[in-house]
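Everything below concerns the one structure shown next.
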Amino acid sequence: MLSWPRPRSLQLRLSLLFVVLLVAVSGVYLLLLSRSADDYLAEDMQRRNLDLAASVAKVLSIDSATNEIPPAAITETFHAAMVINPNIKLYLIGLDGHLLAASAEPNELRAQTVAMAPVRALLDGRQPLPLYGTDPRHPGQPRPFSVAPLHGAGGTVHCYLYITLGGPAAAGSEPAMLRQGHLLGMLLRTLLVAGAAVLVVGLILISLLTRDLKRLVATVRRLHAGDYAARATGIGANSELGELAAAFNDMSARTEQALDELRTTDELRRELVANISHDLRTPLASIEGYTETVLLRRHLLSPAEQQQYLETILKNTHSLKRLITELFELSKLEARQTVPQPEPFSLPELVHDVVQQLEPTARARAVTLRAEPSPVALPFAYADVGLLERVLQNLLDNALNYTPAGGQVCVHLAPSAGRLTLQVRDTGSGIAPPDLPHLFDRFYHTDQVRRKSRGGTGLGLAIASKIVELHGGELTVSSTLGQGACFAFSVPVYVP
């Protein structure tokens, strides 16, 4: 069985559907036009001959003695009328529609009664023309007619003169055919012009509609091919396609942003692995070297040298342990496995305790470490004391590491819109502006920002940032190169 190939282009499908619908509508319209033309010609014929039956009825007179019309008068009148207009047929019908006399031959008659409803409607004159009545010669083909009552003695209606208008001969007459042909030709030309205009306008509109759709399809294909910067442009915003294009552009932007983040994350992950591998390899190599020296040259080393080597091994072991601990802590924070246990506490007291703990380290480095007193009474903070202590230790340790001898590190507390803000300021070397946006990035090793010249692991700031995020805050930094840095964050105030 043969099957036609389906068109793949939406524009072609819509165009074919539009043409089919236009042809179908035009066919229905032509049928309606043909019927309307027939009705128009029938109405014109009926209107022009509306008084025909009344005129003929004047010739017929009812004999007062017999109360009948003489058959000779009927035959003569019918013959004279048909000589004048051979396209009519005359009938006398009773009040019930039964045929009393006819101009047609008896063998031509196919019906002996005429429907009276159209007769009464025409005599009433209230219904619009044309009105079709029964044609006794062709009962299945109603025709326009003219009718007039014939009155007997006393003015009562005796019967009706019923005249059918037109017929095969009249329909095929040259004037009727010319009139009908002219009317149908004019209407057909009008239909062709209107149909051509509608076809052209419809195809143009379909082309405009599918043009936007083609643009969107082309953009989707570009995205599918890997061009994540592709955007749908030139599509009107006040349509469903415009909304679809806007949603697609938003999706493309999100996809592009997500891919950029993935690329950045992947790069940072590789850098982190490289840096961590280096940081792990350095103490392990030192431990391995000193251990081999102690084992192989034990008899050549003095007790003091052995003690020095063992202390170096222990120091590298502590450094390695600290690095692994901080890596594990950072991974738990990033995986949201660390859940804060908030409680009310005095933040100034926590600051005082941490400052006291780090005071010996600051004094050994000739750096002034102090907590600035608040000019107003501060409410309790509501946070996890252990995690906040870790943040403060990391920030102060970072500040002490990068503040030269004679510098200062200060801690400042202040209330701020239902929260307590804590700032750690130092007078160190500062941070270069290009490095500031990356200071707390995920997987961004802080050694890229500040050289690890004093033994840090480079993970303290990342851990501090994650802890602050768990408390609904954000760890921020501001710095001027050569003038130090200021780290700040806030914690919620305890509300009883």
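Side chains included, hydrogens not; waters and symmetry mates left out as well; all remaining heavy atoms used.
- Side-chain contact between Phe489 and Leu388 is present, with heavy atoms from C-beta onward closer than 4.5 Å.
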Starting from the C-alpha separation in whole Å, work towards a yes-or-no answer on side-chain contact (heavy atoms from CB on, under 4.5 Å) for Val477 and Leu436. CA-CA 7 Å; Val477 59; Leu436 288 175; 4.0 Å; yes
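- The backbone N or O of Val376 lies less than 3.5 Å from a partner atom in the side chain of Ser374, making a donor-acceptor pair.
- Looking only at distances, no side-chain donor or acceptor of Ser490 sits under 3.5 Å from a matching main-chain atom of Thr421.
- The nearest pair of heavy atoms linking Leu99 to Ala111 is CD1-O, 3.2 Å.
- Looking at Pro136 and Gln112, their side chains never come closer than 4.5 Å, going by heavy atoms from C-beta outward.
- Side-chain atoms of His412 and Leu422, non-hydrogen and from C-beta on, never get closer than 4.5 Å to each other.
- Side-chain atoms of Arg425 and Gln423 form a donor-acceptor pair, as typed in the model, at a separation below 3.5 Å.
- Distance check, rounded to the nearest 0.5 Å: CG of Leu470 to CG of Asp384 gives 9.0 Å.
- Residues Leu259 and Thr255 have side chains in contact (heavy-atom distance under 4.5 Å, counting atoms from C-beta outward).
- Inter-residue side-chain proximity for Leu150 and Ile69 is flagged as met; some heavy-atom pair is nearer than 4.5 Å.
- Atoms CG and CG, on Leu129 and Leu50 in that order, are 6.5 Å from each other to the nearest 0.5 Å.
- A donor-acceptor pair is defined here as one N or O able to donate and one able to accept, closer than 3.5 Å; no such pair exists between the side chain of Ser465 and the backbone of Leu461.
- Looking at heavy atoms from C-beta onward, Leu378 lies in side-chain contact with Leu413 at the 4.5 angstrom threshold.
- Looking at Tyr494, its side chain never comes within 3.5 Å of a backbone N or O of Ala383 through a donor-acceptor pair.
- Counting only distance, with no hydrogens or angles, the side chain of Arg126 and the backbone of Leu123 share no donor-acceptor pair below 3.5 Å.
- Taking 4.5 Å as the limit, every side-chain heavy atom of Arg143 sits out of range of all side-chain heavy atoms of Leu165.
- The closest donor-acceptor contact from the side chain of Thr134 to the backbone of Ala115 lies under 3.5 Å.
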Just do the side-chain contact (heavy atoms from CB on, under 4.5 Å) check on Val56 and Thr77 with the steps written out, would you? CA-CA 8 Å; Val56 176; Thr77 302; 3.7 Å; yes
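- Residue His79 qualifies as open at atom NE2: its count of foreign heavy atoms under 6.0 Å is 12 or below.
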Begin with the C-alpha distance, continue with both residues' side-chain angles, and end with the deciding distance and a verdict on salt bridge (charged side-chain N to carboxylate O under 4.0 Å, His left out) for Glu256 and Arg231. CA-CA 11 Å; Glu256 185 179 18; Arg231 299 292 184 273; 2.8 Å; yes
Test side-chain contact (heavy atoms from CB on, under 4.5 Å) on Asp135 and Tyr91; report intermediate values, then the result. CA-CA 10 Å; Asp135 183 357; Tyr91 304 91; 4.0 Å; yes
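- Taking CZ of Phe145 as the reference point, atom OG1 of Thr164 lies at 10.5 Å (rounded to 0.5 Å).
- Of all the heavy atoms in His98 and Thr113, the pair that sits closest is ND1-CG2, 3.9 Å.
- Look at Glu105 and Arg137 and you find no salt bridge, because none of the NZ, NE, NH1 or NH2 atoms lies under 4.0 Å from a carboxylate O.
- Ala57 and Ala148 make their closest contact through CB-CB, 4.3 Å (heavy atoms, listed as atom of the first residue, atom of the second, distance).
- Minimum interatomic distance between Ala464 and Asn394 (heavy atoms only, all atoms of both residues): N-ND2, 4.2 Å.
- One distance of note links CG of Leu109 with NZ of Lys89; it measures 10.0 Å at 0.5 Å rounding.
- Electrostatic pairing of Asp124 and Arg120 does not count as a salt bridge here, judged by no charged N lying under 4.0 Å from a carboxylate O.
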Worked verdict on Val114 versus Tyr162 for side-chain contact (heavy atoms from CB on, under 4.5 Å): CA-CA 9 Å; Val114 173; Tyr162 182 80; 3.6 Å; yes
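- Closest non-hydrogen pair, Ser252 versus Leu223, comes out as OG-CD2, 3.9 Å.
- To the nearest 0.5 Å, the span separating CG on Leu350 from CD on Glu389 amounts to 5.5 Å.
- Within 6.0 Å of CD on Glu76 lie no more than 12 heavy atoms contributed by other residues, nucleotides or ligands.
- Taking the side chain as every heavy atom from C-beta outward, Val339 and Gln341 approach each other to under 4.5 Å.
- Between Leu420 and Ala381, the shortest heavy-atom distance links the atoms CD1-CB, 4.0 Å.
- For the atom pair CD1 of Ile88 and CE of Met45, the computed distance is 11.0 Å after rounding to the nearest 0.5 Å.
- Taking the six-membered ring for Trp and the full ring otherwise, Phe380 and Phe345 have centroids separated by 6.0 Å or more.
- With respect to Arg263 and Asp260, a salt bridge is recorded, a charged nitrogen being found less than 4.0 Å from a carboxylate O.
- Under a 3.5 Å cut-off, the side chain of Ser146 and the backbone N or O of Asn49 do form a donor-acceptor pair.
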